[in-house]
Amino acid sequence: MPLFELHRTDHPTPEAERAAIVADPVFGKFFADHMAVADYTEGMGWHDARIIPTGDWQLHPAAAVFHYGQEIFEGLKAYRHADGSVWLFRPERNATRFAASAERLEMAPLPQELFLAALDELVALEQAWVPLPDGERSMYLRPFEIANEPYLGVREAKNYRYGLIASPVGAYYPAPVKLWVTPNYTRAAPGGTGTAKCGGNYAASLAAANEAAAHGCGQVLYLDGAEHRWLEECGTMNFMMITAGGQLVTPALGSILDGITRDSLLTLAGEHGLEAVERPISIDELRDGIASGQVTETFACGTAAVITPITGFDSPEHGAQVVGDGEPGEKTGRLRAHLLDIQYGRAEDRHGWMHRVA
Ligand SMILES: *Cc1c(COP(=O)(O)O)cnc(C)c1O
């Protein structure tokens, strides 16, 4: 029994048009014909779970999300395997993180069962929008939740709406990047919202991203908010480094986002002869390690880009540095290929990460 009631569109995208979009997708620009929606009303709980034509939402201008930013989201992908089947990667981790983000922002958590059913039912319905795997194409899935109660008082809202939209995508960040160690901005603070996947964190990151771009860097490296000394994240991805001693080192959880790609790479490290280590990394250790050759490779990881090699750093306080020979690292490349091979069904899924949808 589906949990989401299906209301089909009368105007599906013509097949030739859809095929052209799916063959050459642009990140986040084109959307499948349907979306999943559910509403939460205080006293009634979650109700009216439905799949409807993708289209505009009408919201009262006093809806809380417009004023106080109660908004959370998730991001995951549907992968087409060579046999035509369609799979999700560890969607239950997105479900629990979505609930944790809701809790941090005092929003109504969507039951895990509904979160997973929305993915299964929408992706099965819209499987024609999942591209063939070549060129790392996939269908990006964006679950999100907003506070839509029309009320200007500052308190948590009583009503929420959940949505899930789907967009075919190609490789997100094809090129290696240099990181800008921002002297002016922090992403998170102890006790803040750094561990929640919320739109507000992203709004606050745009100035730093533009600062990085103005200095010729593709992403920001954030240091911690208290001491401005400990590495946190790069842009909207987790940071990792590989050492000459054979370790894969990444900042410990705390005020960073608990990335699913991060966790998966830590799990795979052993198969690549790397010891996975989660601990604080200071900017001094990174700088000295790159200079001495102790840090051999650096990269950023997250669902959208999988792994983006980091080939250098620039900082007004710490100077400019090139990692290794300035080329994407070999071990970085092998880790990336391994994770992609699991996701696209080309390597054995030893950890039970893949979830078949169609
Ligand atoms: C989503 C996100 C990540 C990556 O998480 P994944 O689960 O690997 O996609 C890392 N940092 C931030 C700030 C994020 O929002």
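In each ligand, atom 1 is the first atom listed, and ligand 1 is the first ligand listed. Values below: all heavy atoms of this structure, side chains included; hydrogens, waters and symmetry mates excluded. Numbers here simply count residues along the sequence, with the first being 1. Just so you know, these numbers come straight off a predicted model, no measurement behind them.
- No salt bridge links E74 with K197; every basic N to acidic carboxylate O contact stays at or beyond 4.0 Å.
- Among protein heavy atoms, the minimum distance from atom 8 (O) of ligand 1 is reached at T261 OG1, 2.6 Å.
- Of all atoms in ligand 1, numbered sequentially from 1 with element shown, those under 4.0 Å from a heavy atom of G259 are 5 (O), 6 (P), 7 (O), 8 (O).
- Between F144 and W57, the ring centre distance stays below 6.0 Å.
- Atom 15 (O) of ligand 1 has its closest protein heavy atom at Y202 OH, 2.5 Å.
- Note on ring orientation: taking the six-membered ring where Trp is involved, the planes of H81 and W87 are parallel (angle under 30°, cut-offs 30° and 60°).
- With a 4.0 Å heavy-atom cut-off, ligand 1 is reached by the side chain of L257 but not by its N, CA, C or O.
- Contact analysis puts R187 in contact with ligand 1, with a non-hydrogen atom separation below 4.0 angstrom.
- Salt bridge status for R350 with E271: present, with a side-chain N to carboxylate O gap under 4.0 Å.
- Close approach of ligand 1 to G302 (heavy-atom distance below 4.0 Å) involves ligand atoms 4 (C), 8 (O), 9 (O).
- Between atom 7 (O) of ligand 1 and the options N238, I260, D263, the minimum heavy-atom separation is to I260.
- The backbone N or O of M44 sits nowhere less than 3.5 Å from a side-chain atom of T41 that would complete a donor-acceptor pair.
- Between R97 and ligand 1 there is a heavy-atom distance shorter than 4.0 Å.
- At the shortest separation from atom 3 (C) of ligand 1 among protein heavy atoms lies T236 O, 3.4 Å.
- For an aromatic pair to be called close, the ring centres must be under 6.0 Å apart, and Y40 with Y162 fails this.
- Interface of T303 with ligand 1, defined as ligand atoms under 4.0 Å from a residue heavy atom, comprises 6 (P), 7 (O), 8 (O), 9 (O).
- The existence of a salt bridge linking R90 and D263 is confirmed by a sub-4.0 Å separation between a basic side-chain nitrogen and an acidic carboxylate oxygen.
- With respect to atom 12 (C) of ligand 1, the closest heavy atom belonging to the protein is E233 OE1, 3.3 Å.
- Salt-bridge formation is not detected for the pair R356/D120: no Lys NZ or Arg NE/NH1/NH2 atom is positioned less than 4.0 Å from an Asp or Glu carboxylate oxygen.
- Nearest protein neighbour of atom 14 (C) of ligand 1, counting heavy atoms only, is K197 NZ, 3.0 Å.
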